[in-house]
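Here is the structure we will look at.
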Amino acid sequence: MLLTRLADVSREVAATSARSRKIALLAELFRHAEADDVPLVIPYLAGRLPQGRLGVGWKVLGRPVPPAGTPTLTVREVDALLGRLGEVAGPGSQAERVRLVEELMGAATAEEQRFLLGLLTGELRQGALDAVAVEGLAQATGAPATDVRRAVMLAGSLQTVARALLGEGPAALEAFRLTVGRPVLPMLAHSAPTVAEAVGRLGACAVEEKLDGIRVQVHRDGDEVRLYTRTLDDITGRLPEVTGAARRLTGARFVLDGEVIAFDEAGRPRSFQETAGRVGSRVDVAAAAEAVPVAPVFFDVLSVDGRDLLDLPFADRHAELARLTPEPMRVRRTVVSGPDDVEAAEEFSRQTLLRGHEGVMVKALDAPYSAGRRGASWLKVKPVHTLDLVVLAAEWGHGRRTGKLSNLHLGARTAAGGFVMLGKTFKGMTDAMLAWQTERLRELAVDERGHVVTVRPELVVEIAYDGLQRSTRYPAGVTLRFARVLRYREDKRPGEADTVETLLAAHPQVRP
DNA sequence: TTCCGACAGTGGGGTCGCAAT
DNA sequence: ATTGCGACCCCACTATCGGAA
C-alpha cells in the first residue's frame, strides 16, 4: 500500500469531528490493506510507530526537506527506513539520524511529510488514537467491538490483535486471554473531591492508602519473574529486590498489581523524585539499589495458579491477594459499608496523610478488574492546596489553542517586594477563560520573544496544586506539582498574592 | 430529551542515559 | 566535564461525541 493513501485518510480523519465518521474511514482503509501491510497500517493510523519511539525529536526533524513531487513511497519502504533509524547508535549517530530522516522526507510529498512528522513526534493530532482504531478494526472485520477492545487490553497491544484478527477472523480473539508473562493494560482511576463523595458514589468499598511511587505489574511463573510499568515497559532488570520479593512468595504462578516505592529508615515514603530516579536508573543498578532501595506494595491480583481473576469482585480478588502476600507487602486499607460509615473512611484518610502518603483510593468491593479502562469503581482522593499567584508571562498555544495565550508563568511574591517564578500551567481553563485571558494579557504585555509574552505582573490567579517539589529549574528552588487554574481573582491586587515564605512554611518537609 | 462515560488534546516537572560540545 | 535532547515516569483538566437513561 502507498503511504499517500494513509496520509489522505489521516487528513480526512482529522477533518471530521464525528467519531463515527473517523471509525468508518479507518475501517475502510483497514479492509483494503494487504496482510503484510496490516501490522504497519494499523499502528500508523493509531498515531504510533510499530517499533516505538526512535530517538528522533524536533531537533532532528526541524530542518525542512524539499518534498517529492509525486507519491511513490510504500508503507513497507517507510517501515524499512524507520527500522534502520531505530538501530542507529554510538558516536556520529545524530548525523546519521539526520541523514536517514532527510532520505525519508525527501522521498515524501508535502502531504506525506506532514503525516510522517506527526508519527515521528508522536503528535499526529487527528482525533483518533488506539480507541478509535480498535473500533475501526472491529468494523472492518465484523467482530464485536467489545471483544476486540478486551483482546487489546489483554494482549497489551493493538498490532498483535489486529494481525490475528485480520489473518484468522473473529475466532482469533478467543486466544487472547490473561497469560502469565504477558502484561495487561492496568486499570486506572477517576478522581473525587472528598472521601465522603467517593464513598457516597460507591457504597460498600475499600479505602486504601495511595502511595506516590511507580505502578508495577509483577508476573511470576516459577523462577521466571517479570516487571512492567503502567505503559507495559519491561523494567525487570532495574529492580532486583522486587523480583527477589516476588520469588520468595509462596505462590508459583501469579500476576500482581501494585506500586514500588522507596521508604526512609523511619518507614516514611521518600519523595516521588527519589523513587522515580531509582526506577529510572538502568546502567548501574546495584549502586542505585544500594542508595535507594525500593519495596513493592500490592493492592490487587489478576491471576493465581492459572485462574484468571479479572472478572471476580474486588472483595474476592483481595481475599486471594491476602492469601498470597504477607501484610507488609500490601497497601494498608479499611473496609466501609457505605455512606453511614464515612467517618471511618475519613479517619483512615487522615491517618494515611499523617504517615506521609499522597491520599487514598476508594474502590467498590463488587467491581471487576477493568483492564485498560479508567473505571468509575476506583476513585482517588488527594488533598488539594491553593495559592493566589501572579501571572508573569504567557505562551501562545498550539492546536486548538492556536492564537490564544495559553500556558501561564506563575509567580509568588517575595519579601523584597518582587516576584519569583514557581512554574507554569495550562490546565483548568475553559474556552471562555482562554479568550478572556488572551485579551487581558495582551493589554498587559511589555515584551514578546518567540512564543513567550511577558506582562506587567498585575493579574492574580487562584491556583490549585498537589504539593511542592524541589526544582533546579526555578529560582526559589521549588516548584508546584500539577498546578492548575481555578479562577482569576480580579478582586485581588498583586500585593495581596501569596509569598514564597508562606508557601515554604506550608510544606516544611520540602526544602529548596 | 438530557445525562454521562470514554476519548483526545493540551501541555506541566523531574530524572536518566546518551551524544555532542 | 557540561549541555541538550529524547524517552518515560508522574499527572489535571476541558470539549466533544454518542450511547444510556
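Chain identifiers are assigned alphabetically (A, B, ...) following the order of the sequence lines, protein sequences preceding nucleic acid strands; residue numbering begins at 1 within each chain.
Exactly one residue among A:Arg268, A:Arg481, A:Arg355 makes a salt bridge (charged side-chain N to carboxylate O under 4.0 Å, His left out) with A:Asp212. That residue is A:Arg481.
From A:Arg330, atom CZ reaches atom CD of A:Glu208 across 10.5 Å, with rounding to the nearest 0.5 Å.
Of the residues in residues 87-99 of chain A, those placing a heavy atom less than 4.0 Å from an atom of DNA chain B are A:Ala89, A:Gly90, A:Pro91, A:Gly92, A:Ser93, A:Gln94, in numerical order. Within residues 278-287 of chain A, the residues having any heavy atom closer than 4.0 Å to DNA chain B are, in order of number, A:Gly280, A:Ser281, A:Arg282, A:Val283.
At a threshold of 4.0 angstrom between heavy atoms, the contacts of A:Ala276 with the nucleic acid are absent. Nucleic acid contact for A:Leu54: sugar-phosphate only, since backbone atoms but no base atoms lie under 4.0 Å from a heavy atom of the residue. Within 4.0 Å (heavy atoms only), A:Asp212 reaches no atom of the nucleic acid at all.
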### Message
What does the B/S/- profile of nucleotides 12-17 of chain C look like, 5' to 3', with a 4.0 Å heavy-atom cutoff to protein?
### Response
BSSSBS
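The distance from atom CD of A:Glu358 to atom P of C:dC9 is 17 Å, rounded to the nearest whole Å. Atom CZ in A:Arg270 sits roughly 16 Å away from atom C1' in B:dG14 (whole-Å rounding). Between A:Leu480 atom CG and B:dG13 atom P the separation is 10 Å, expressed in whole Å.
For A:Val132, the side-chain atoms get nearest to B:dC7 when compared with the rest of C:dC10, B:dG14, B:dC7. The side chain of A:Arg373 lies closest to B:dA6 when the candidates are C:dC8, B:dA6, B:dG11.
Comparing A:Met421 and A:Gly277 against DNA chain B, the residue whose closest nucleotide sits nearer the 5' end is A:Met421. Along DNA chain B, the nucleotide closest to A:Ala376 and the one closest to A:Glu274 are compared, and the more 5′ of them pairs with A:Ala376.
Under the 6.0 Å distance and 45° angle rule, A:Lys210 does not count as a cation-pi partner of A:Phe299.
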